[in-house]
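Worksheet: the structure to be examined is printed underneath.
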Amino acid sequence: DAPALFFGDSLALDDDVLVVGWPRATVAGEFEAGSVHVYRRSGSDWAAEATIVADRPHAYENFGAHVALSRGTLLIATSARTEVYVDGAGGWSRQPDLEPFDAFEISGDVVVASSSRVGCCDCGAGWDRLTILERSGGTWTTVESFEWSRCDEEDGPIAISDDTIVRATSDGRLHVYGRCGGAWAEVDVVAAPAAFAPRSLAVRGDVAIVGAPFDPAPDEYGVAHVFVRRVGAWAYDAALVASSRVDHDYFGRAVAVSS
């Protein structure tokens, strides 16, 4: 199999369930076909519960390159689709697939996903898209999408917490989406003091953290930028760095926040 250091390239945790992606695992002789491993906590002990692989593993499919988990629903990225599983009495059962996305996150019955197409600026062929899907009666439906030119801003990571969706962009901005009269809309855009190169993002309640592990160039010791919501309005709050700034330490490569 691939070196063990690639185990955990993607992670998702929700209550007592931990999902670990191993996209470079060899499966049925197929190199880097990928696998996903589910663990459950009982008391203070964690135990392996399930291993999920593609129905027909293919080399370099990288099954599990990205995973997301919320309230018993698991999303798994593959090169050709987004697989959906639901936790039930009989284990993890596969549901109808979603289209492939570059990235996705889930909160309850809402999925936020991003996708992009590279193209020339002059001909308008390059775009980034944010798609919001909602589940009703077991069926996922696209309820809103936002699209913009890649020449205007370079898209970055996305995150969701209940009815708050955030995305970070390379111009140092945090875009916030929420429900307005039952529909999703961009409700706020907050700028950091300077541009950053976002690679990770987390939101919970009124706090969002953007990880910029390759900033500042050329030192690349890493910075985590904190945004907070006060009285309904988001604002930039602080820049966090490691106590010992070691070049190429990549502080902020992954971030998480909990209420």
Side-chain angles (χ1 to χ4, degrees), residues 1-42 44-107 111-116 118 131 133 140 155-160 198-202 211 213-214 222 248-256:
D1 261 336
L5 63 89
F6 294 122
F7 182 80
D9 265 7
S10 60
L11 296 168
L13 175 66
D14 189 52
D15 292 330
D16 292 324
V17 179
L18 171 66
V19 176
V20 181
W22 194 0
R24 302 195 189 191
T26 299
V27 178
E30 298 292 334
F31 187 65
E32 294 193 10
S35 60
V36 169
H37 304 262
V38 181
Y39 300 85
R40 190 178 297 270
R41 178 172 55 188
S42 177
S44 59
D45 297 324
W46 288 90
E49 179 177 87
T51 297
I52 303 172
V53 298
D55 289 340
R56 300 177 62 184
H58 296 287
Y60 303 105
E61 186 175 14
N62 299 131
F63 183 89
H66 185 69
V67 295
L69 175 69
S70 177
R71 302 171 197 172
T73 299
L74 169 63
L75 305 183
I76 301 175
T78 80
S79 58
R81 62 198 171 277
T82 302
E83 296 193 2
V84 183
Y85 294 81
V86 172
D87 186 17
W92 292 89
S93 60
R94 186 172 174 183
Q95 308 297 302
D97 297 337
L98 303 178
E99 66 181 276
F101 297 107
D102 294 341
F104 50 75
E105 298 296 337
I106 182 173
S107 179
V111 166
V112 57
S114 63
S115 52
S116 62
V118 177
T131 302
L133 305 95
W140 290 95
D155 200 21
I158 55 176
I160 181 172
R199 290 297 183 272
S200 60
L201 175 61
F214 302 110
H248 310 294
D249 200 27
Y250 308 125
F251 178 84
R253 184 174 181 177
V255 295

Review point. Residues in salt bridge (charged side-chain N to carboxylate O under 4.0 Å, His left out) with Asp87, at least two apart?
Key: Arg40
Check your understanding: Do the side chain of Asp9 and the main chain of Pro23 share a donor and acceptor less than 3.5 angstrom apart?
Key -> no
Review point. Can you list the steps and then say if Asp15 with Arg41 is a salt bridge (Lys or Arg N to Asp or Glu O under 4.0 Å)?
Key: CA-CA 9 Å; Asp15 292 330; Arg41 178 172 55 188; over 6 Å; no
Review point. Within the distance-only criterion (no hydrogens, no angle test), does the side chain of Thr131 pair as donor or acceptor with the backbone N or O of Val112 below 3.5 angstrom?
Key: no
Check your understanding: Between atom OG of Ser79 and atom CG of Asn62, what is the distance when rounded to the nearest 0.5 Å?
Key -> 7.5 Å
**Study point:** Shortest non-hydrogen contact from Val53 toward Tyr85
**Key:** O-OH, 4.4 Å
**Study point:** Donor-acceptor side-chain pairing of Ser116 and Asp102 below 3.5 angstrom
**Key:** yes
Check your understanding: Looking at residues at least two apart in the chain, or sitting in another chain, which of them share a salt bridge (charged side-chain N to carboxylate O under 4.0 Å, His left out) with Asp45?
Key -> none
Check your understanding: Stepwise, does the side chain to side chain contact (heavy atoms under 4.5 Å, CB included) test hold for Val67 with Leu11?
Key -> CA-CA 6 Å; Val67 295; Leu11 296 168; 5.7 Å; no
Review point. Nearest 0.5 Å, what's the OH-CD distance between Tyr60 and Glu30?
Key: 10.0 Å
Review point. For Arg24, does its backbone N or O pair with a side-chain atom of Glu32 as donor and acceptor, under 3.5 Å?
Key: no
Exercise for review: Please report the C-alpha distance between Arg94 and Asp55 in whole Å, then the side-chain angles of each, then the deciding distance to 0.1 Å, and finally whether the side chain to side chain contact (heavy atoms under 4.5 Å, CB included) criterion is met.
Suggested key: CA-CA 11 Å; Arg94 186 172 174 183; Asp55 289 340; 2.7 Å; yes
Point to revise | Donor-acceptor contact present, side-chain Thr82 to main-chain Glu99, <3.5 Å | key: yes
Point to revise | Closest contact, heavy atoms only, Ser10 versus Gly64 | key: OG-O, 2.7 Å
Exercise for review: Any chance you could measure Leu98, atom CG, to Ile76, atom CD1, to the nearest 0.5 Å?
Suggested key: 12.0 Å
**Study point:** Ile106 and Leu74: CA distance, side-chain angles, deciding distance, side chain to side chain contact (heavy atoms under 4.5 Å, CB included) verdict
**Key:** CA-CA 8 Å; Ile106 182 173; Leu74 169 63; over 6 Å; no
Point to revise | Donor-acceptor contact below 3.5 Å, side chain His66 vs main chain Phe104 | key: yes
Exercise for review: With Thr73 as reference, evaluate Asp14, Val111, Val84 under the side chain to side chain contact (heavy atoms under 4.5 Å, CB included) test and give the passing residue.
Suggested key: Val84
Exercise for review: Consider only side-chain N and O atoms of Ser93 and Gln95, and report whether a donor and an acceptor are under 3.5 Å apart.
Suggested key: yes
Exercise for review: Check whether any side-chain heavy atom of His58 lies under 4.5 Å from a side-chain heavy atom of Phe63, and answer yes or no.
Suggested key: no
Revision key, fill the gap. Tightest non-hydrogen contact, residues Leu13 and Trp46, listed as CD1-CH2, 3.9 Å
**Study point:** Interatomic distance, Phe101 atom CZ to Leu133 atom CG [nearest 0.5 angstrom]
**Key:** 5.0 Å
Review point. Hey, does Pro157 have a side-chain heavy atom less than 4.5 Å from the side chain of Ser200?
Key: no
Exercise for review: Could you tell me how the ring of Phe7 sits relative to the ring of Tyr39: parallel (under 30°), tilted (30 to 60°) or perpendicular (over 60°)?
Suggested key: perpendicular
Practice item. Go through Val38 and Val17 one step at a time and tell me if the side chain to side chain contact (heavy atoms under 4.5 Å, CB included) criterion holds. Key: CA-CA 7 Å; Val38 181; Val17 179; 3.9 Å; yes
Check your understanding: Which residues satisfy the salt bridge (charged side-chain N to carboxylate O under 4.0 Å, His left out) test with Arg81, sequence neighbours excluded?
Key -> Glu61, Glu83, Asp97
Practice item. Return the minimal non-hydrogen interatomic distance between Val27 and Ser35, and the atom names on each side. Key: CG2-CB, 4.3 Å
